[in-house]
Amino acid sequence: DSKNDWRFCRYAWTLLRHFFENGVTAYCHWNISLLKGGISRWGWAQNSLVTVDAESQTFTYNYEFYLLKHLSGFVRPDARRLATMSWTGYENLLAFSNSDNSVVVVVQNDLCEELPLRFKIGEEVIAATLPADSFNTFVVRRSPEPAWRQAEPIRPGVIKSIAAGLYWRDQCLLSCPACSLYEPLF
């Protein structure tokens with residue numbers, strides 16, 4: 001719809017999560033950038049990661065840019081998706097194990113209030129309070145025993161085409177008010 005608003009970013013998360021949970025091995029965003037107004041070359045109003053204002057020669061990172069940054073900034077191309085389960089019914093997350101044995105958990109709090117959550121990764125318990133209506137990334141450094149021995153494999157190159165244009169975590173906190181990044185916890 002070319003609005004590049006928070007509502008559509010939240011919708012994009014549900015799609016992205018659905019795709020990974022159902023076995024995709026790569027994810028590529030269709031429009032990296034569009035001119036202000038979001039009209040594609042074939043005349044459709046669409047969203048993009050970056051909006052370019054040709055008149056003022058400026059650009060704006062949109063919400064979906066930061067959403068993908070939560071994944072592509074931490075999930076390495078050789079990562080494997082980890083199956084997750086919940087005893088409380090809260091499953092609005094994705095988890096990956098990188099080859100360096102770090103575990104990346106990206107979780108959305110879609111409530112209009114803070115959400116206290118606890119994650120258990122191996123024997124480690126992580127407790128955090130997620131800000132209202134936010135995306136949150138946790139990177140857990142683990143011992144040398146790989147967490148992904150029984151994990152679902154993902155081919156090299158997952159999100160790599162987008163990761164090349166993104167910055168490391170420090171910049172995200174400076175300009176993404178709806179996001180929280182935590183690193184490292186252990």
Side-chain angles (χ1 to χ4, degrees), residues 9-32 48-50 61-87 90-110 115 117-128 130 134-173 175-176 178-186:
C9 180
R10 294 173 77 198
Y11 172 69
W13 164 254
T14 62
L15 292 176
L16 194 135
R17 210 177 89 232
H18 171 79
F19 296 150
F20 275 108
E21 289 173 348
N22 287 281
V24 301
T25 57
Y27 183 87
C28 182
H29 197 283
W30 183 257
N31 293 312
I32 298 293
S48 62
L49 301 179
V50 179
Y61 294 118
N62 297 320
Y63 290 117
E64 283 183 79
F65 172 88
Y66 294 104
L67 171 59
L68 291 182
K69 188 172 174 177
H70 274 275
L71 290 162
S72 63
F74 302 97
V75 178
R76 304 290 29 117
D78 57 353
R80 297 172 186 262
R81 191 178 71 81
L82 298 173
T84 61
M85 61 143 327
S86 171
W87 283 288
Y90 191 84
E91 297 181 356
N92 199 356
L93 59 88
L94 285 171
F96 298 88
S97 180
N98 290 322
S99 62
D100 69 356
N101 206 32
S102 62
V103 174
V104 178
V105 179
V106 180
V107 59
Q108 180 196 21
N109 175 7
D110 55 357
L115 177 66
L117 282 181
R118 278 192 246 162
F119 304 98
K120 186 173 182 183
I121 299 173
E123 296 305 311
E124 300 163 8
V125 176
I126 298 141
L130 309 181
S134 63
F135 294 100
N136 303 267
T137 297
F138 298 85
V139 177
V140 180
R141 309 284 180 214
R142 294 178 41 89
S143 64
E145 181 62 29
W148 48 263
R149 288 193 190 276
Q150 301 298 319
E152 174 185 332
I154 295 177
R155 285 185 280 146
V158 173
I159 311 175
K160 187 174 182 180
S161 62
I162 295 172
L166 301 181
Y167 300 99
W168 196 241
R169 72 178 179 89
D170 297 327
Q171 284 89 1
C172 189
L173 287 175
S175 57
C176 186
C179 303
S180 300
L181 299 173
Y182 304 85
E183 181 184 353
L185 295 176
F186 293 96

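Note that the structure is a prediction, hence the values are computed from the model and not measured.
- Between the CZ atom of Phe138 and the CD1 atom of Ile126 there is a distance of 7.5 Å, given to the nearest 0.5 Å.
- The backbone N or O of Glu64 sits nowhere less than 3.5 Å from a side-chain atom of Asn62 that would complete a donor-acceptor pair.
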Next on the checklist: Evaluate Leu117 against Asn136 for side-chain contact (heavy atoms from CB on, under 4.5 Å), listing each step before the verdict.
Outcome noted: CA-CA 11 Å; Leu117 282 181; Asn136 303 267; over 6 Å; no
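- Between atom CG of residue Leu49 and atom OH of residue Tyr63 there is a gap of 14.5 Å, rounded to the nearest 0.5 Å.
- Interatomic distance, OG1 of Thr84 versus CD of Glu21, reported as 6.5 Å (0.5 Å rounding).
- We find the CD1-CG distance between Ile121 and Leu82 to be 8.0 Å, quoted to the nearest 0.5 Å.
- Within the model, atoms OH of Tyr11 and CG of Leu67 stand 13.5 Å from one another, a figure rounded to the nearest 0.5 Å.
- Using a 30° and 60° split on the angle between ring planes, Tyr61 and Tyr66 fall in the perpendicular class, above 60°.
- Expressed to the nearest 0.5 Å, how far CG of Leu93 lies from CG of Asn109 amounts to 12.0 Å.
- Counting heavy atoms from C-beta on, the side chains of Asn98 and Val139 never come closer than 4.5 Å.
- Side-chain contact between Arg76 and Asp100: absent, with no pair of heavy atoms (C-beta onward) separated by less than 4.5 Å.
- Not one N or O on the side chain of Arg17 forms a donor-acceptor pair closer than 3.5 Å with the backbone of Asn92.
- The closest side-chain heavy-atom distance from Val105 to Phe74 is not below 4.5 Å.
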Next on the checklist: I'd like to know whether Phe119 forms a side-chain contact (heavy atoms from CB on, under 4.5 Å) with Val107, so could you lay out the CA-CA distance, the side-chain angles of the two residues, the decisive distance to 0.1 Å, and finally the verdict.
Outcome noted: CA-CA 11 Å; Phe119 304 98; Val107 59; 3.9 Å; yes
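- For the residue pair His70 and Phe135, the shortest heavy atom distance occurs at CE1-O, 3.5 Å.
- What you find for Phe96 and Arg81 is that their closest heavy atoms are CD2-CA, 3.7 Å.
- Looking at every heavy atom in both residues, Arg141 comes nearest to Ser102 through NH1-CB, 3.6 Å.
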